[in-house]
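Shown next, in structure tokens, is the structure this report addresses.
As the structure is a computational prediction, the values presented were derived from the model and not from experiment.
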Amino acid sequence: MATCRMQGINPHTYLTDVLQRVGTHPNSRVEELTPRRWKELFADNPMGSDIDGWAPT
């Protein structure tokens, strides 16, 4: 979370995106999922979640 803040990244947006990518992202390019590289590569078009905005009733 501290690294996200240092990079000016919303931690929720970052974690939502990375947790969806991690299963299909090539192991050889795992450094792309660190906050600094993620910001360069994916921050302009992060993956969202179907549960964003969901609240229990």
Requested in this report: Give the cluster check for Met1 versus Val18: same hydrophobic cluster or not, with ILVMFWY residues linked at side-chain heavy-atom distances below 4.5 Å.
Outcome: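 Cluster IDs for Met1 and Val18 match.
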Query raised in the report: Taking a hydrophobic cluster as the set of Ile, Leu, Val, Met, Phe, Trp and Tyr residues connected by side-chain heavy atoms closer than 4.5 Å, whether directly or through intermediates, do Leu41 and Val30 fall within one such cluster?
Result: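 Leu41 and Val30: separate clusters.
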Taking all non-hydrogen atoms of both residues into account, name the closest pair between [X] and [Y] and its distance.
| X | Y | result |
| --- | --- | --- |
| Gly48 | Gln20 | O-NE2, 2.7 Å |
| Pro46 | Ala43 | CD-O, 3.2 Å |
| Phe42 | His25 | CZ-CE1, 3.9 Å |

Requested in this report: List in chain and number order the residues that pass salt bridge (Lys or Arg N to Asp or Glu O under 4.0 Å) with Arg21, two or more places apart in sequence or in another chain; answer none if no residue qualifies.
Outcome: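 Once residues adjacent in sequence are excluded, the partners of Arg21 under the salt bridge (Lys or Arg N to Asp or Glu O under 4.0 Å) criterion are Asp17.
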Query raised in the report: So, does Tyr14 use its side chain to make a donor-acceptor pair with the main chain of Leu33 at under 3.5 Å?
Result: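 Yes.
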Query - side chain to side chain contact (heavy atoms under 4.5 Å, CB included) partner of Ser49, chosen from Thr13, Thr16, Leu19 - result: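 Among Thr13, Thr16, Leu19, the one meeting side chain to side chain contact (heavy atoms under 4.5 Å, CB included) with Ser49 is Thr16.
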Report task. To the nearest 0.5 angstrom, please state how far the NZ atom of Lys39 sits from the OG1 atom of Thr34. Result ->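 Answer for the NZ-OG1 pair, Lys39 versus Thr34, is 12.5 Å.
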Query raised in the report: Looking at CZ of Arg37 and CD of Gln7, how far apart are the two atoms once the value is rounded to the nearest 0.5 Å?
Result: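 Arg37 CZ to Gln7 CD: 11.5 Å, rounded to 0.5 Å.
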